[in-house]
Amino acid sequence: MHSYQRFVRQSEEYPISNGDMQDAPKKPKQMKTFFSLYHNMDEILEQNSDVIQPRVLNGSAHNFCNNTDHCIRPFMRHETRYRVAPDYKMAHCVVHKSMSTVITGIMCYLYNRNHFVKVDKQMNMSEWDKASLCRGDNTFRHLKSLQRKYNASEMDGWSLSMITRDPIDRFVSGYVDRCIRVAEGPSPCNGCDKNMTCFILSEYERFKKQATKGVLTNTFEDRHFYPQNWRCDIKTMRDKYEFIRYSSDPSKQLMEDLFKIGRRQGIPENELEYIEDELTKNRKTTHTTAYSPAREFYQKRLRENPLLMEYVVRMFYHDFVILNYPFPEGF
């Protein structure tokens, strides 16, 4: 049985300096294990039967986060990926667990739409970027590289967008996807297996230690949990962004907001209609965890336990503030 007092194991991953990832050595791929989100709930229930202690810090998040070291600091620089469609002067910064697969497919199509007719029409949008359509050709790690290539130093006439997601919802989705559905390595998710209490408290300590040192460890799990404000050059480019709110069904709010930008940038209606058709018929991606029994269990366990909510708020306090999401009740 896992306990939330578990000591955080020393990371064996390669450290990545705060600022530039391109020269970081690549770690060898680990074996992955898969777990059904619809079966074997007995194992999940058994591993999460621990009694959770009361909150450590009471009061509002503003009171215990402002001018203290209780909460994870903002604006570390972690892997940033800009996907571009230069014909329409569109750039989108992709963030894990915020429709990253869908938006990557859309931007790939807009980048190389003429070649798409040569590719199997039955392919899901999530596969577009993997079918020799883009191969990373429309991807930039640094905004300055994008600006140099397209002579867009001030991004005049360009749209710069990012999909943001409620921090609690994003955490649960990432946890179920990366720690339950598929796990990597011999001791996944900080060695906590399927115990969420252990993972939340150990991940908070990992974040705090890395932020204090100014060095990030790009583990399989971490990259799906790091705060949204650590990406996309939010510190310097916040005023340039058009933030699109995540929606579990991309054919609704996301499509409406994205198409508003697309029409302004000159995307023809027939191309928007094609994207709409794809979004409507391919509503699930490989990484979708919504509506599974496992997702419902972990969502309920988190929201009903003040200590767990406290530590998730501590990790993502600045995402709530910077991206203008409401704090959960009691915070």
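Just so you know, these numbers use all the heavy atoms, side chains as well, and skip hydrogens, waters and symmetry mates. Worth saying up front: this structure is predicted, and the values here are computed from it rather than measured.
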Can a donor-acceptor pair be found, under 3.5 Å and without considering hydrogens, that links the side chain of [X] to the backbone of [Y]?
| X | Y | result |
| --- | --- | --- |
| Asp177 | Ser173 | no |
| Asp319 | Pro227 | no |
| Arg81 | Val95 | no |
| Gln147 | Ser153 | yes |
| Glu310 | Leu57 | yes |
| Arg55 | Gly59 | yes |
| Ser49 | Glu46 | yes |
| Gln265 | Trp158 | no |
| Asn48 | Lys194 | yes |

Mind checking whether [X] and [Y] have side chains closer than 4.5 Å, heavy atoms only?
| X | Y | value |
| --- | --- | --- |
| Tyr175 | Ile200 | no |
| Val56 | Arg314 | yes |
| Pro328 | Val313 | yes |
| Glu269 | Arg263 | yes |
| Ile106 | Leu258 | yes |
| Thr80 | Val94 | no |
| Arg170 | Asp166 | no |
| Leu143 | Tyr82 | yes |

What's the shortest heavy-atom distance between [X] and [Y], and which atoms?
| X | Y | result |
| --- | --- | --- |
| Arg245 | Asn324 | NH2-O, 2.9 Å |
| Cys189 | Asp193 | CB-O, 4.3 Å |
| Ile244 | Ser161 | CD1-CB, 4.2 Å |
| Leu146 | Phe140 | N-CD2, 3.6 Å |
| Trp230 | Leu216 | CZ3-CD2, 3.7 Å |
| Gly157 | Lys89 | O-CB, 3.7 Å |

salt_bridge([X], [Y]) N-O dist < 4.0 Å:
| X | Y | answer |
| --- | --- | --- |
| Lys208 | Glu205 | no |
| Arg77 | Asp233 | yes |
| Arg141 | Glu79 | no |
| Glu256 | Lys260 | no |

Run the ring-centre check on [X] versus [Y] and record whether the distance is less than 6.0 Å.
| X | Y | value |
| --- | --- | --- |
| Phe64 | His70 | no |
| Phe225 | Phe207 | no |
| Phe327 | His62 | yes |

Have [X] and [Y] got a donor and an acceptor in their side chains that come within less than 3.5 Å?
| X | Y | result |
| --- | --- | --- |
| Arg206 | Thr217 | yes |
| Glu271 | Tyr88 | yes |
| Asn190 | Glu203 | yes |

Query - side chain to side chain contact (heavy atoms under 4.5 Å, CB included) between Glu242 and Ser159, worked out - result: CA-CA 8 Å; Glu242 294 179 84; Ser159 71; 3.9 Å; yes
**Report entry** salt bridge (Lys or Arg N to Asp or Glu O under 4.0 Å) assessment of Lys149 paired with Asp137
**Finding:** CA-CA 12 Å; Lys149 182 173 179 65; Asp137 294 344; over 6 Å; no
[atom2] on [Y] to [atom1] on [X], rounded to 0.5 Å:
| X | Y | atom1 | atom2 | value |
| --- | --- | --- | --- | --- |
| Tyr325 | Gln228 | OH | CD | 6.5 Å |
| Leu201 | Leu308 | CG | CG | 6.5 Å |
| Thr164 | Leu323 | OG1 | CG | 5.5 Å |
| Asn138 | Tyr109 | CG | OH | 14.0 Å |
| Arg113 | Ile275 | CZ | CD1 | 10.0 Å |
| Tyr298 | Ser292 | OH | OG | 10.5 Å |

Query - Those residues that, when tested against Tyr204, pass ring pair (Phe, Tyr, Trp, His ring centres under 6.0 Å) (two or more places apart) - result: Tyr311
Query raised in the report: For Tyr241, which residues count as a ring pair (Phe, Tyr, Trp, His ring centres under 6.0 Å) partner, sequence neighbours excluded?
Result: Phe243
**Report entry** Cation-pi geometry met for Arg238 and Phe75 (6.0 Å, 45°)
**Finding:**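 Checked: cation-pi criterion not met.
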Report task. Go through the steps for Arg301 and Thr197 under the test side chain to side chain contact (heavy atoms under 4.5 Å, CB included), then give the verdict. Result -> CA-CA 9 Å; Arg301 183 163 176 81; Thr197 308; 3.8 Å; yes
Requested in this report: Given disulfide bond (SG atoms under 2.5 Å apart), test Cys198 with Cys192 step by step and report yes or no.
Outcome: CA-CA 6 Å; Cys198 169; Cys192 294; 2.0 Å; yes
Requested in this report: Only counting residues at least two apart or in another chain, list the ones meeting side chain to side chain donor-acceptor pair (under 3.5 Å) with Asp169.
Outcome: Arg165, Arg295
**Report entry** For Lys300, side chain to side chain donor-acceptor pair (under 3.5 Å) partners two or more places apart
**Finding:** Glu304
Query raised in the report: With sequence neighbours left out, what residues match Asp257 under salt bridge (Lys or Arg N to Asp or Glu O under 4.0 Å)?
Result: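 Listed in chain order: nothing, the list is empty.
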**Report entry** salt bridge (Lys or Arg N to Asp or Glu O under 4.0 Å) against Glu276, all qualifying residues, sequence neighbours excluded
**Finding:**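 In terms of salt bridge (Lys or Arg N to Asp or Glu O under 4.0 Å), with neighbours along the sequence ignored, Glu276 is linked to no residue.
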Query - Residue pair Val102, Ile163: steps toward the side chain to side chain contact (heavy atoms under 4.5 Å, CB included) verdict - result: CA-CA 11 Å; Val102 170; Ile163 295 173; over 6 Å; no
Report task. Tell me, with the steps shown, if Asp87 and Leu110 meet side chain to side chain contact (heavy atoms under 4.5 Å, CB included). Result -> CA-CA 8 Å; Asp87 289 351; Leu110 293 174; over 6 Å; no
